[in-house]
Amino acid sequence: MPKASPRTAPRRADAALQSLLTVHEATLSNGLRVRLLPNAQTPVVSLYTFFQVGSRNERPGITGISHLFEHMMFNGAKKYGPKQFDRTLESNGGRSNAYTSNDMTVYYDDFAVDALETVLDLESDRMRSLRISDSSLASEREVVKEERRVRVDNEITGMLDEELGTLIFKAHPYRWPVIGWMADIENISRRDCEEYFRTYYAPNNAVLYISGDIDPKKTLALVRRYYGDIPKGPTPATVLDAEPAQKGERRAQVRHPAQSPSLMIGYRGPRASEEDTLVLDVIQYAMNKGEGSRLVKSLIYEQQAAVSVMFDWGWRIDPGTIVFYLELKPESDPQKSEAALYAELERVAKEGLTERELQKAKNNLRSDQLRELATNTGRAHALGHYETLLGSWQELLVLPSRYAAISNEQVKAVATKFFAPERRSVVTLLPEPSAA
Amino acid sequence: MALRSQATAKKAPPPPRPIRLPSTTETTTSSGLKVLAAERGPLPLVSIRLVLHAGSITDPKDKEGLADFTVRLLRRGTETLSADAIDEAIEFVGASLSGGVSEDLMSLYVTTPAEHFSSMLAVLGQIVREPSFPEKEVELARERTLAQFANDLDDPDTITSRAFNRALWGEHPYGHDVGGKAAHVRTFTREDLVRFHRERIGPQTALLVVVGAVKPEVVAAEAEKAFAGWAPAEQGTPVAVPTVARMAQAGKVILVDKPDQTQSQVRIGGPGYRLGHPDYFAAAAMNIVLGGGFTSRLVNEIRVERGLSYGVGSYFDAMSAAGSFAISTFTKTASTREIIDVALAEVAKMRTGGITPRELKTAQTYLAGLYPLRTETNESVASVIADIRVYGLGEDWVEKFRERLHAVTAKQVKEAAAKYLFPEPPVIVVLGRAAEAKKLLKGLGPIRVVPVSEYA
């Protein structure tokens with residue numbers, strides 16, 4: 001097998017990105033890390049709290065607890081009781097939401113500048129003293145079950161994605177869906193949630209990003225005042241990656257009343273911190289970004305082998321997945337479309353990209369990075385994203401130089417390694433007549 | 001904490017920092033295209049937005065979906081550039097082009113690194129001035145669109161929205177889907193596209209807005225080059241659309257049968273107001289309290305108190321001539337009736353009782369606090385500049401937004417509630433397992449069960 005990414009790329013901080021990101025950093029004595037990004041362009045602020053916990057930290061029996069728990073964080077703490085979090089925030093000109101992924105749970109607030117202190121009070125209150133009642137847990141459990149129904153049980157891509165996860169992973173917690181199995185959602189107890197809170201929602205397992213029309217010095221003083229006395233928690237257990245090597249292609253079928261067959265195909269990828277991750281970004285852009293990209297041009301326009309095609313390469317802490325989704329026409333033969341995709345992947349492995357495609361992918365990665373940094377919320381999120389996955393937000397600054405250095409030889413080596421048939425798992429949706 | 005609050009309360013709060021749009025420079029090209037340019041940094045990016053009065057209301061009677069189909073075909077070839085050449089020109093430099101159609105407008109958007117602004121504007125000029133609509137591209141797009149219509153039948157949200165739109169508007173020009181329907185799309189020919197382009201896509205029906213790291217004089221000069229010789233559309237006047245007082249299926253229940261579902265999608269709706277209507281601010285404040293934010297009454301009763309749904313919200317959908325007010329949610333099949341009853345009870349309570357002064361204050365602070373987000377990116381600034389001009393919102397729309405919002409009184413909110421919260425029985429659309437849901441819906445109005453295939 002060819003060795004991917006033989007050399008280490010240069011790591012120069014990008015001047016344009018650096019000029020957009022003036023970051024003040026601090027770590028409180030309880031381990032809470034704070035990153036402040038002043039920007040006075042608009043009189044609003046975004047606050048992001050990244051907790052290093054996701055479905056990766058779960059175990060069978062309580063799958064989905066990270067996500068269910070995310071909901072519980074809005075249901076009352078010591079100072080701001082049930083319903084008070086959102087009420088206080090909204091009546092001060094702010095809004096809030098959160099998401100959970102395999103690797104992290106992220107809470108965010110956007111608000112008018114004069115609500116900053118109130119938001120810090122609200123956020124620190126729930127980090128310090130969340131209270132979980134049986135009745136709010138019972139009600140929220142039903143909400144999450146509805147969420148699962150709408151996203152998985154009644155949605156084709158949700159169904160296929162869940163099936164694919166269990167094919168690709170045998171041992172790693174990436175095996176189960178972030179939202180969890182229905183029976184687990186039903187059985188997670190208040191005690192499970194309380195234990196989860198103590199373990200993962202401590203200041204030493206969190207990073208705060210505050211971006212917007214702020215004075216860094218005053219803001220840091222406020223952060224210290226509100227968060228400084230929250231006790232440090234225990235160090236969470238390390239997640240063991242016990243995933244065995246894959247020894248051949250894996251396949252599954254889903255039968256469901258549908259108009260057309262469709263395909264979801266996954267390959268095991270690298271972990272975010274590996275150099276190969278960036279090479280896969282370049283390959284993803286060249287193959288699936290825009291109307292002129294390889295897969296769109298070939299599978300949709302030229303061969304008409306698909307109605308739409310998606311190439312999803314999402315960074316993860318442990319080795320993640322490269323997923324393709326092909327939406328097909330009614331009556332089409334999924335095998336043919338599958339073969340057409342493999343032919344394109346093999347072509348990249350064998351011939352690489354053209355110099356122009358390579359440059360185009362890099363240009364687009366650059367534009368998207370700039371677009372991401374156009375808003376307070378984008379800047380705060382980007383810092384948190386890279387810090388969680390790469391260990392330091394400064395990694396964001398050197399990404400342009402690392403992308404720029406990627407060669408066609410690396411593209412070929414990475415495509416050869418990761419698109420190997422033995423790393424593949426395939427889920428085919430076969431339409432069956434509706435029950436009625 | 002309490003002490004500190006008292007201490008700061010003694011000082012008068014500073015007035016909120018004014019929000020202003022960047023100043024715009026207006027020019028007109030020799031071909032008659034109005035151009036609005038606003039310079040804005042610091043990102044080296046530019047957002048370009050071209051809007052045309054060529055929305056789905058301009059679709060010919062038997063060619064529903066033609067405007068939407070046309071905007072997608074514009075980039076599939078011009079007199080001098082093939083589809084591949086267009087894609088390559090735009091995408092190589094890291095720019096992007098997208099297009100879309102609403103009931104009222106056709107829009108084309110380009111975002112580009114600033115250094116490629118001129119060449120990207122030139123490509124945009126090409127594709128609207130002289131698209132060639134190659135026969136082969138039309139054929140492929142038609143087939144793909146038909147396949148997409150078929151696959152849409154598996155997407156409960158899409159089909160429910162489609163059914164709801166038809167039930168609300170019926171034969172009104174807003175009543176056909178922007179994307180049209182299979183029976184019409186099947187008949188689309190190259191000639192249809194050529195005619196639509198000739199009749200609807202010209203400089204006098206268009207407005208170009210450019211926001212970002214580029215000087216207004218550069219925008220004016222490059223627009224002149226890019227749009228020189230653009231021939232006027234034959235039917236340059238916007239289509240007149242009638243206003244509406246009653247929705248097509250008012251008082252009725254449409255039950256779309258999709259037997260594989262474990263959940264029911266629910267929409268409830270009635271008439272709203274047109275864009276730029278004076279009721280906007282009172283209605284917006286009312287809606288925040290009823291079903292806008294996370295603390296709204298609907299969210300509280302349906303999600304927080306009863307755990308009936310993951311998502312529930314109410315909204316006004318305002319278009320140039322008329323609009324609608326609607327509630328949208330979903331729940332497991334067995335609680336289909338309960339969720340409708342709870343929603344209608346909240347609406348009735350609001351209609352008769354209005355809101356408290358405290359609720360009004362919260363809604364105003366919430367909307368005003370987040371309003372500056374509307375001016376955060378080049379794209380959103382371009383969008384609000386275009387809306388102000390196209391819908392006649394007034395040049396001081398952004399600047400005066402928070403002032404006007406704060407001027408809303410509880411009495412005005414009560415009037416808005418009485419006026420828009422289903423004074424006549426609403427339209428109810430449910431998509432789900434009809435065999436189980438039908439018996440739950442008794443008493444809400446005449447029920448019509450429709451197979452999902454009706455919405456292809």
Side-chain angles (χ1 to χ4, degrees), chain A residues 16 19-20 42-44 83 86-87 90-96 110-112 114-115 121 138-144 146-147 149-150 153-154 156 256-260 289-293 297 300-301 304 307 327 329-330 356 359-360 363-364 366-367 370-371 373-376 434-436, chain B residues 1 13 16-17 19 42-45 75 83-84 87-88 90-96 111 113 140 143-144 147-148 150-151 153-156 257 259-263 293-295 300 303-311 330-332 361-362 365-366 368-370 372-373 375-378 435:
Chain A
S19 74
L20 289 167
T42 322
V44 283
K83 300 185 186 180
D86 284 315
R87 279 189 186 163
E90 290 190 357
S91 63
N92 279 281
R95 66 178 177 208
S96 180
D110 298 313
F111 49 93
D114 43 4
D121 192 20
S139 168
E140 206 62 58
R141 195 194 306 281
E142 295 306 310
V143 171
V144 171
E146 292 299 342
E147 185 179 356
R149 285 188 187 103
V150 79
D153 302 339
N154 294 296
I156 285 172
H256 180 75
Q259 306 298 315
S260 306
K289 173 92 181 170
E291 293 283 291
S293 63
K297 218 167 121 176
I300 297 178
Y301 288 105
Q304 298 159 53
V307 177
E327 186 186 10
K329 292 179 187 174
R356 204 164 160 86
Q359 189 55 49
K360 176 174 150 185
N363 292 346
N364 279 283
R366 172 78 179 160
S367 301
L370 287 175
R371 288 189 193 111
L373 300 177
T375 60
N376 283 322
S434 178
Chain B
M1 173 61 202
R17 248 179 59 197
I19 318 168
L43 288 174
L45 295 171
R75 71 180 292 171
D84 284 351
D87 291 340
E88 175 69 11
I90 296 165
E91 292 169 0
F92 178 73
V93 300
S96 71
T111 69
L140 286 177
E143 275 180 35
R144 221 170 32 252
Q148 194 65 64
N151 290 348
L153 294 177
D154 296 330
D155 181 6
D257 187 22
D260 56 85
Q261 299 290 288
T262 64
Q263 220 171 21
F294 251 128
T295 58
N300 187 55
R303 179 172 157 154
V304 180
E305 288 294 328
R306 294 177 179 80
L308 288 174
S309 185
Y310 172 61
F330 51 83
T331 190
K332 59 187 177 294
K361 179 97 195 322
T362 289
T365 314
Y366 173 72
L370 295 172
L373 292 173
T375 62
E376 213 186 356
T377 63
N378 291 339

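In the text below, chain A, chain B and the rest are named by the order of the sequence lines, each starting its count at 1. Here the structure is a predicted model, which means the values were calculated and not measured. Below, each value reflects all heavy atoms present in this structure, side chains not excepted, and no hydrogens, waters or symmetry copies.
With a 4.5 Å cut-off on non-hydrogen atoms, E147(A) touches chain B through its backbone and its side chain both. No part of I90(B) comes within reach of chain A, as not one of its non-hydrogen atoms sits under 4.5 angstrom from that chain. Only the side chain of T377(B) comes within contact range of chain A, with at least one heavy atom under 4.5 Å from a heavy atom of that chain. In this structure, chain B has no heavy atom under 4.5 Å from any part of R141(A). For A95(B), the part lying under 4.5 angstrom from a heavy atom of chain A is the backbone only. Of the atoms belonging to N378(B), not a single heavy atom falls under 4.5 Å from chain A. Heavy atoms of N376(A) lying under 4.5 Å from chain B belong to its backbone as well as its side chain. Residue L370(A) touches chain B through both its backbone and its side chain, counting heavy-atom pairs closer than 4.5 Å. Proximity to chain A (any heavy atom under 4.5 Å) is shown, for A150(B), by both the backbone and the side chain. For chain A, the nearby parts of V304(B) are the backbone and the side chain; heavy atoms of each come within less than 4.5 Å. Contacts between V44(A) and chain B at a heavy-atom distance below 4.5 Å involve the side chain alone, from C-beta outward.
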Audit row: D84(B), K297(A), side chain to side chain contact (heavy atoms under 4.5 Å, CB included) steps and yes/no: CA-CA 9 Å; D84(B) 284 351; K297(A) 218 167 121 176; 3.7 Å; yes

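Residues Q148(B) and V307(A) share a closest heavy-atom pair of OE1-CG1, 3.2 Å. Scanning both residues, F330(B) and S309(B), for their nearest heavy atoms gives O-OG, 2.5 Å. Listed here is the closest heavy atom pair of G94(B) and P113(B): O-CD, 3.8 Å.
Residues meeting the side chain to side chain donor-acceptor pair (under 3.5 Å) test with S96(A), sequence neighbours left out: D109(A).
Note that CD of E291(A) is 3.5 Å distant from OH of Y301(A), once rounded to the nearest 0.5 Å. Rounding to the nearest 0.5 angstrom, the gap separating the CD atom in E146(A) from the CG atom in L308(B) is 7.5 Å.
For the pair R356(A) and F92(B), the minimum side-chain heavy-atom distance is below 4.5 Å.
Chosen from G293(B), A435(B), P156(B), the residue pairing most often with chain A at heavy-atom distances under 4.5 Å is G293(B). For chain A, the option among T375(B), L43(B), L370(B), T362(B) with the highest count of heavy-atom pairs below 4.5 Å is L370(B). Top candidate by heavy-atom pairs under 4.5 Å with chain B, chosen from K289(A), R95(A), R87(A), H256(A), is R95(A). Interface remark: of the candidates N151(B), I19(B), T111(B), L140(B), N151(B) forms the most heavy-atom pairs closer than 4.5 Å to chain A. Taking chain B as the reference chain and counting heavy-atom pairs below 4.5 Å, the highest number among S91(A), A16(A), A112(A) is found for S91(A). Contacts with chain A were tallied for R306(B), E305(B), E143(B), R303(B); R303(B) has the most, counting heavy-atom pairs under 4.5 Å.
When only modelled atom types and interatomic distance are considered, N154(A) and T262(B) share a side-chain donor-acceptor pair under 3.5 Å. Residues T295(B) and E90(A) have side chains that bring a donor and an acceptor to within less than 3.5 angstrom of each other.
For K361(B), the NZ atom is loosely surrounded, since the number of other residues' heavy atoms within 6.0 Å does not exceed 12.
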